Amino acid sequence: MNLNVKALAATGAVLVGGTLLLVATGNIVFSGYGDALLELAASLYPGYAGPGRASSIIIVSLYGALDGAVAGALVALVYNAVVHHGLPKGERFSA
């Protein structure tokens with residue numbers, strides 16, 4: 001069985017982008033909420049100014065969606081490669 005690369009990329013984009021959207025919005029509503037996560041995001045994403053700025057919510061959400069999509073696609077590609085080619089003889093996992 002192979003994983004659908006596009007579906008897993010879309011799932012990753014929604015999960016990561018959505019999480020950052022909710023945390024960034026929550027930070028505007030409840031001061032201090034998610035500051036550590038948003039400061040980490042500010043150190044990773046150029047153009048994102050950090051927590052407390054309403055204008056940068058879309059920026060961090062889009063960066064998160066891009067990261068989630070790339071990560072999801074890579075997971076699916078690696079999984080499919082391992083399943084397709086299999087593990088070397090004698091190194092199979094037992095369930």
Side-chain angles (χ1 to χ4, degrees):
M1 179 178 110
N2 282 338
L3 292 177
N4 184 326
V5 177
K6 289 180 183 178
L8 197 54
T11 301
V14 169
L15 287 176
V16 178
T19 297
L20 288 173
L21 174 69
L22 290 174
V23 171
T25 303
N27 183 268
I28 298 297
V29 175
F30 305 106
S31 182
Y33 176 77
D35 275 345
L37 177 63
L38 296 174
E39 288 172 9
L40 174 65
S43 72
L44 294 173
Y45 304 141
Y48 174 59
R53 300 186 184 181
S55 62
S56 58
I57 291 175
I58 292 175
I59 294 170
V60 75
S61 299
L62 291 175
Y63 271 126
L66 179 63
D67 274 352
V70 169
L74 287 175
V75 166
L77 290 171
V78 169
Y79 175 85
N80 290 341
V82 170
V83 168
H84 179 58
H85 295 294
L87 294 172
K89 197 171 192 176
E91 294 186 31
R92 298 217 180 259
F93 295 109
S94 61

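Fair warning: this is a prediction, and the values are worked out from it, not measured in the lab. Nothing fancy with the numbering, it's 1 onward along the sequence. Only heavy atoms go into these numbers, but all of them, side chains included; no hydrogens, no water, no symmetry mates.
Cluster membership check: L37 shares its hydrophobic cluster with V29, using side-chain heavy-atom separations under 4.5 Å among Ile, Leu, Val, Met, Phe, Trp and Tyr. Taken together through direct or relayed side-chain contacts under 4.5 Å among Ile, Leu, Val, Met, Phe, Trp and Tyr, V82 and L77 form parts of separate hydrophobic clusters.
In this structure, N80 contributes its side chain and A76 its backbone to a donor-acceptor pair below 3.5 Å. Between the side chain of T25 and the backbone N or O of L22 there is no donor-acceptor pair closer than 3.5 Å.
Within the 4.5 Å cutoff, no side-chain heavy atoms of Y63 are placed close to those of L44. You'll find the side chain of Y45 reaches within 4.5 Å of the side chain of V60, heavy atoms only.
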Which atom pairs, donor and acceptor, lie under 3.5 Å between side-chain atoms of residues 3-20 and protein residues at least two apart or in another chain?
{"residue": "N4", "atom": "OD1", "partner": "K6", "partner atom": "N", "Å": "3.0"}
{"residue": "N4", "atom": "OD1", "partner": "A7", "partner atom": "N", "Å": "3.1"}
{"residue": "T11", "atom": "OG1", "partner": "A7", "partner atom": "O", "Å": "2.8"}
{"residue": "T19", "atom": "OG1", "partner": "L15", "partner atom": "O", "Å": "2.6"}

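Contact record, S56 with A49: CB-N, 4.2 Å, taken as the closest heavy-atom pair. Pairing each heavy atom of L38 with each of Y33, the nearest pair is CD1-O, 4.4 Å. Here the closest non-hydrogen pair linking S43 and L40 is OG-O, 2.7 Å.
We find the OH-CD1 distance between Y48 and I57 to be 8.0 Å, quoted to the nearest 0.5 Å.
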